[in-house]
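When a ligand or atom number is given, it counts from 1 through the structure's own listing order. If you're wondering where the values come from, they're calculated on a predicted model, not measured in any experiment. Along the sequence shown, the residues carry numbers beginning at 1.
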Amino acid sequence: MSYIQEVRAAVAARNEGQPEFMQAVDEVLTTIKPVVESDAVYKNNAILERITEPDRQIMFRVPWTDDNGNMRVNRGYRVQFNNAIGPYKGGLRLHPSVNLSIIKFLGFEQIFKNSLTGLPIGGGKGGSDFDPKGKSEREIREFCQSFMTELSRHIGADTDVPAGDIGVGGREIGYMFGQYKRIKNLYEGVLTGKGLPYGGSLARTEATGYGLVYIVQNMLEAILSNGFKGKTVAISGSGNVAIYAAQKATELGGKIVTMSDSNGWVYDGNGINLDVVKDIKEVKRGRIKEYAERVKTAEYHDSGKVWQVKCDIALPCATQNELDINDAKTLIKNGVVAVGEGANMPSTTEAINAFQAAHVLFMPAKAANAGGVAVSALEMSQNSQRLSWTFEEVDNKLKGIMLDIFNKTASAAKLYATPADYVAGANIAGFLKVANAMIAQGV
Ligand code: NDP
């Protein structure tokens with residue numbers, strides 16, 4: 001058995017019943033093989049055994065009361081995966097599907113993604129199986145405060161700096177920040193994605209979606225000498241990442257024809273009107289179905305997926321494993337030229353293999369959605385310096401970071417794998433920096 005196979009078997013045995021975590025580990029182990037096998041230093045320092053085992057996994061009870069006075073209990077998580085290159089950094093997800101496997105897959109991915117940004121941030125992730133949908137403002141506030149009451153023991157501006165993810169936006173970060181401050185009596189940049197009046201960074205809200213479009217544009221320019229201009233774009237999701245990816249892709253001349261939520265999806269052949277989407281999703285916290293009630297050119301579908309629509313570029317921006325092999329085959333048949341992952345691990349392994357075999361340009365999540373955490377790291381810098389940069393300053397830094405990620409990913413792919421195998425490129429470039437830091441620091 002090779003070193004990689006031995007580690008893979010040991011990780012699988014130790015993490016039974018964690019399919020999402022194993023999917024993420026398998027993808028990384030498979031693609032970093034040429035690097036790991038090129039130098040015994042990785043095996044001699046047990047780098048793969050160490051990088052696949054979190055520094056610590058914290059699970060805790062989150063009690064709260066609902067509006068009828070009933071006591072309710074959810075489970076909270078924070079997985080601090082790796083801090084070789086900086087404080088743990090990664091979002092908090094509030095969704096009923098959250099479990100240890102999902103938080104660990106997200107935390108593991110975050111190690112390599114954060115490394116790719118070139119900024120000093122380690123990998124972590126957290127959240128809870130609390131479902132924010134249908135909860136009152138008071139219930140959300142009480143949950144966030146209770147969650148932070150325990151989480152506050154484990155985080156800090158130089159230790160672990162959480163941010164938002166599915167179900168956690170500016171409102172939730174605000175309640176959590178307030179509770180942290182009250183408990184610790186410390187005004188520090190312990191969370192990112194904060195509101196602008198209390199330490200938030202301009203362009204953080206837009207960063208993940210904008211960054212996704214910047215890197216896909218970089219890829220299209222490098223390989224096909226074109227960009228979003230004149231392209232039809234299918235987007236899934238209608239949350240933070242989807243909305244700002246749609247906004248930037250439209251600005252660059254693309255036409256967005258789909259958006260979705262967990263109940264269904266809309267098609268608008270005229271191009272999605274984002275003012276309507278923002279009003280429904282950001283202001284009224286409503287469902288995407290209402291788009292088709294308000295925009296006459298749109299159709300609503302409560303079955304099937306956005307991937308059945310003919311498009312040039314597909315940007316999955318909802319959740320893990322939302323694009324499977326059948327969706328990939330449909331997209332390929334319909335002539336898709338590029339796929340950029342806004343969500344974390346939205347494509348199944350079989351779907352990625354199909355895209356690569358069909359020579360569809362494929363930019364994986366670790367590179368494609370790193371803009372969010374990159375601007376979170378810029379928010380940390382601004383907090384430390386007690387400064388606020390302008391929107392243009394942050395946006396320009398984000399553009400530079402995404403281009404740098406593209407170049408690093410493309411060079412690593414060329415050097416160690418196949419040119420344009422950006423999955424291998426991103427994993428290898430991300431891995432090397434962290435592995436070398438771990439070796440330098442000893443056990
Ligand atoms: P939001 O909560 O703002 O939006 C999530 C969107 O995805 C909603 O439209 C939601 O629909 C849909 N969705 C969520 N879960 C499911 C599901 N199980 N099935 C179908 N649709 C679903 O989250 P974000 O936009 O922040 O996050 C989207 C993705 O991007 C996630 O994978 C996240 O990890 C990733 N990401 C986010 C970053 C950020 O900065 N926010 C940074 C990097 C990655 P509904 O409202 O019906 O639940």
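Rounded to the nearest 0.5 angstrom, F130 CZ and E172 CD are separated by 8.5 Å.
Judged as a ring pair (Phe, Tyr, Trp, His ring centres under 6.0 Å), and not counting sequence neighbours, the contacts of F60 are F147. In this structure, the side-chain hydrogen bond (donor to acceptor under 3.5 Å, both in side chains) partners of N74, at least two apart in sequence or on a different chain, are W64, D129. Under the ring pair (Phe, Tyr, Trp, His ring centres under 6.0 Å) criterion, Y291 pairs with no residue, sequence neighbours left out.
Taking the six-membered ring for Trp and the full ring otherwise, the centers of F21 and F105 sit at least 6.0 Å from each other.
Taking the ring axis of W265 as reference, the NZ or CZ atom of K305 does not stay both within 45° of it and closer than 6.0 Å to the ring centre.
A distance limit of 4.0 angstrom between heavy atoms and ligand 1 selects the residues R93, H95, K133, D165, I166, G167, R204, T208, G237, S238, G239, N240, V241, S260, D261, S262, R287, C317, A318, T319, G342, A343, N344, N369.
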